[in-house]
Undergrad: 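Pasting a structure below so you can have a look.
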2 protein chains.
Amino acid sequence: MADDAGGRPAAAQRQMMRPFERSLPMALLRAREAVMRGFRQQLREYGLNEQEWRIMRALMEVDRVEIGELAECVFILKPSAIRTIKNLESRGIVSRTRSSADQRRAFIALTARGRKLFEELAPHSEEEYARITKLIGSADMQELYELLRRVTDQLNGSKA
Amino acid sequence: MADDAGGRPAAAQRQMMRPFERSLPMALLRAREAVMRGFRQQLREYGLNEQEWRIMRALMEVDRVEIGELAECVFILKPSAIRTIKNLESRGIVSRTRSSADQRRAFIALTARGRKLFEELAPHSEEEYARITKLIGSADMQELYELLRRVTDQLNGSKA
DNA sequence: TATTGTTATACTCTATAACTATA
DNA sequence: TATAGTTATAGAGTATAACAATA
């Protein structure tokens, strides 16, 4: 069977293929997958997917926000965001109110129930965060945040 | 119009909503989006999407690999990977050969044409990389890679 | 005429489950 | 029986375009 590696059990047990070590997007994706893996399971137990959670987290910090801005900041296209919000609305998690100053605009906000759901999930998220901080150290965690922020800001700034 | 902010131009021109500053997954996603934005356009001009590029990059470094392992390492589910590979195969970018030692297994590899396509795109990728390195500095770039690698490895290792 | 939200459409990926064939 | 690949299916996101109401 030579280098065909026939009969090897599972890829995970061997030293896995680890491609494009020098690809920053891939390194970011890989890290994100590693971080999210645990939490995604928790989300599903609460009937939420990743996008819905992103929207909830965003709403948690701003009280209310227009749909377009919300969509942009959580990296979901407007049509998807509208559908997701409609879905969350039907479950009583978010509310939608029309701006009185400009009837075109709609504001989205978490309902009391949405906030409660968030509070139930947040500890799991915090736990994950604490676990990672413990694994790599608090100083390095800060450093990582700082570097990510710099890359993001510099790229977004130097793009016009 | 008060805090309704009626008549404001585009969200981007104002100080945008910047939610969950302390969410690591979001920071990773945001950075990834910033990094990929420029390159995604290039990909599309070559008729490739992100997943197809990920697969090509992975294949570029290993000669050939089984479908399951490939799918796992680029974070694409097997059914999606199979369809994508089938698509790439129909465009002559990858080839598929059956393992002689174990007829169940199939090996995927880049064709000469696939490799050529990669070589055409790689400079754009390198350019982006150089640009980022210049923006945040070579040392910090190294540091960022290192931190991402540690987070990933620690989480994956400490998970069993 | 420009903008916000909305709907429509086609395509793709996600997520599961079942199926085939090899082992 | 277990495994690698494959197909099937339902759901959701991506990406565009067009449309409505409002400004």
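Order of the sequence lines fixes the chain letters, A, B, ..., with proteins taken first and strands second; residue numbering starts at 1 for each chain.
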Undergrad: Tell me whether B/Arg105 is salt-bridged to B/Glu69, with the criterion being a basic N under 4.0 Å from an acidic carboxylate O.
TA: no
Undergrad: From CH2 of B/Trp53 over to C1' of C/dT12, roughly how many Å is that when rounded to an integer?
TA: 20 Å
Undergrad: What is the separation between atom CD on B/Gln51 and atom C1' on D/dA15, rounded to the nearest whole Å?
TA: 13 Å
Undergrad: If I take atom CD in residue A/Glu52 and atom C1' in nucleotide D/dA12, what distance separates them, rounded to the nearest angstrom?
TA: 10 Å
Undergrad: For A/Arg98 and for B/Phe75, locate the closest nucleotide of DNA chain C by heavy-atom distance; then report the residue assigned to the nucleotide nearer the 5' terminus.
TA: A/Arg98
Undergrad: Which of the following nucleotides, D/dT6, C/dG5, C/dA23, is nearest to the side chain of A/Ile82?
TA: C/dG5
Undergrad: Side chain of A/Arg64, backbone of A/Phe107: donor and acceptor closer than 3.5 Å?
TA: no
Undergrad: Could you tell me whether the side chain of B/Arg30 and the main chain of A/Thr152 form a donor-acceptor pair under 3.5 Å?
TA: no
Undergrad: Among the nucleotides C/dT6, C/dA8, D/dG5, which one has an atom lying closest to any side-chain atom of A/Pro79?
TA: C/dA8
Undergrad: I'd like to know if the side chain of B/Arg44 pairs up with that of B/Asn49 as donor and acceptor (distance under 3.5 Å, no hydrogens or angles considered).
TA: no
Undergrad: Whole angstrom is fine here: how far is it from CZ in B/Arg83 over to C1' in D/dT7?
TA: 10 Å
Undergrad: For A/Lys86 and C/dT6, is the shortest distance between a side-chain N/O and OP1 or OP2 below 4.0 Å?
TA: no
Undergrad: Treating Ile, Leu, Val, Met, Phe, Trp and Tyr as nodes and any side-chain heavy-atom pair under 4.5 angstrom as an edge, say whether A/Val65 and A/Leu77 lie in one connected cluster.
TA: no
Undergrad: As a test of reading the structure: which of C/dC13, C/dA8, D/dT6 is closest to the side chain of B/Lys78, going by heavy atoms?
TA: D/dT6
Undergrad: Please report the distance, rounded to the nearest Å, between CD in B/Glu89 and C1' in D/dT6.
TA: 13 Å
Undergrad: Using a heavy-atom distance cut-off of less than 4.0 Å, which residues of residues 38-50 of chain A contact DNA chain C?
TA: A/Arg44
Undergrad: How far apart are the C-alpha atoms of A/Val74 and A/Gln51, what are their side-chain angles, what is the distance that settles it, and do they pass the side-chain contact (heavy atoms from CB on, under 4.5 Å) test?
TA: CA-CA 8 Å; A/Val74 295; A/Gln51 285 81 4; over 6 Å; no
Undergrad: Report yes if a side-chain nitrogen or oxygen of B/Arg96 is closer than 4.0 Å to either non-bridging phosphate oxygen (OP1 or OP2) of D/dT6; otherwise report no.
TA: yes
Undergrad: If I take atom CD in residue B/Glu66 and atom C1' in nucleotide D/dT3, what distance separates them, rounded to the nearest angstrom?
TA: 11 Å
Undergrad: Within this structure, what is the CG-to-C1' distance between B/Asn87 and C/dT12, rounded to whole angstrom?
TA: 10 Å
Undergrad: Would you say A/Arg113's side chain and A/Arg91's backbone share a donor-acceptor pair under 3.5 angstrom?
TA: yes
Undergrad: State which of D/dT22, D/dT14, C/dT16 makes the closest approach to the side chain of B/Leu77.
TA: C/dT16
Undergrad: With no hydrogens and no angle check, do the side chains of A/Tyr129 and B/Arg22 hold a donor and an acceptor under 3.5 Å apart?
TA: yes
Undergrad: Hey, is the side chain of A/Thr84 poking within less than 4.0 Å of OP1 or OP2 on D/dG13, counting only N and O atoms?
TA: yes
Undergrad: With side chains defined as the heavy atoms from C-beta onward, is the minimum distance between A/Gln42 and A/Glu45 less than 4.5 Å?
TA: yes
Undergrad: Show me, range against range, the stems involving DNA chain D, built from at least 3 consecutive Watson-Crick or G-U pairs below 3.5 Å.
TA: C:1-23 with D:1-23
Undergrad: If you check the A/Arg104 side chain, which of C/dG5, C/dA2, D/dG13 turns out closest?
TA: C/dA2
Undergrad: Atom CD of A/Glu72 and atom C1' of C/dG5: how far apart are they, to the nearest Å?
TA: 14 Å
Undergrad: Between the side chains of B/Glu119 and B/Lys116, is the shortest nitrogen-to-carboxylate-oxygen separation below 4.0 Å, so that they form an ion pair?
TA: no
Undergrad: Quick one: is A/Gln103 getting a side-chain N or O under 4.0 Å of the C/dT4 phosphate, OP1 or OP2?
TA: no
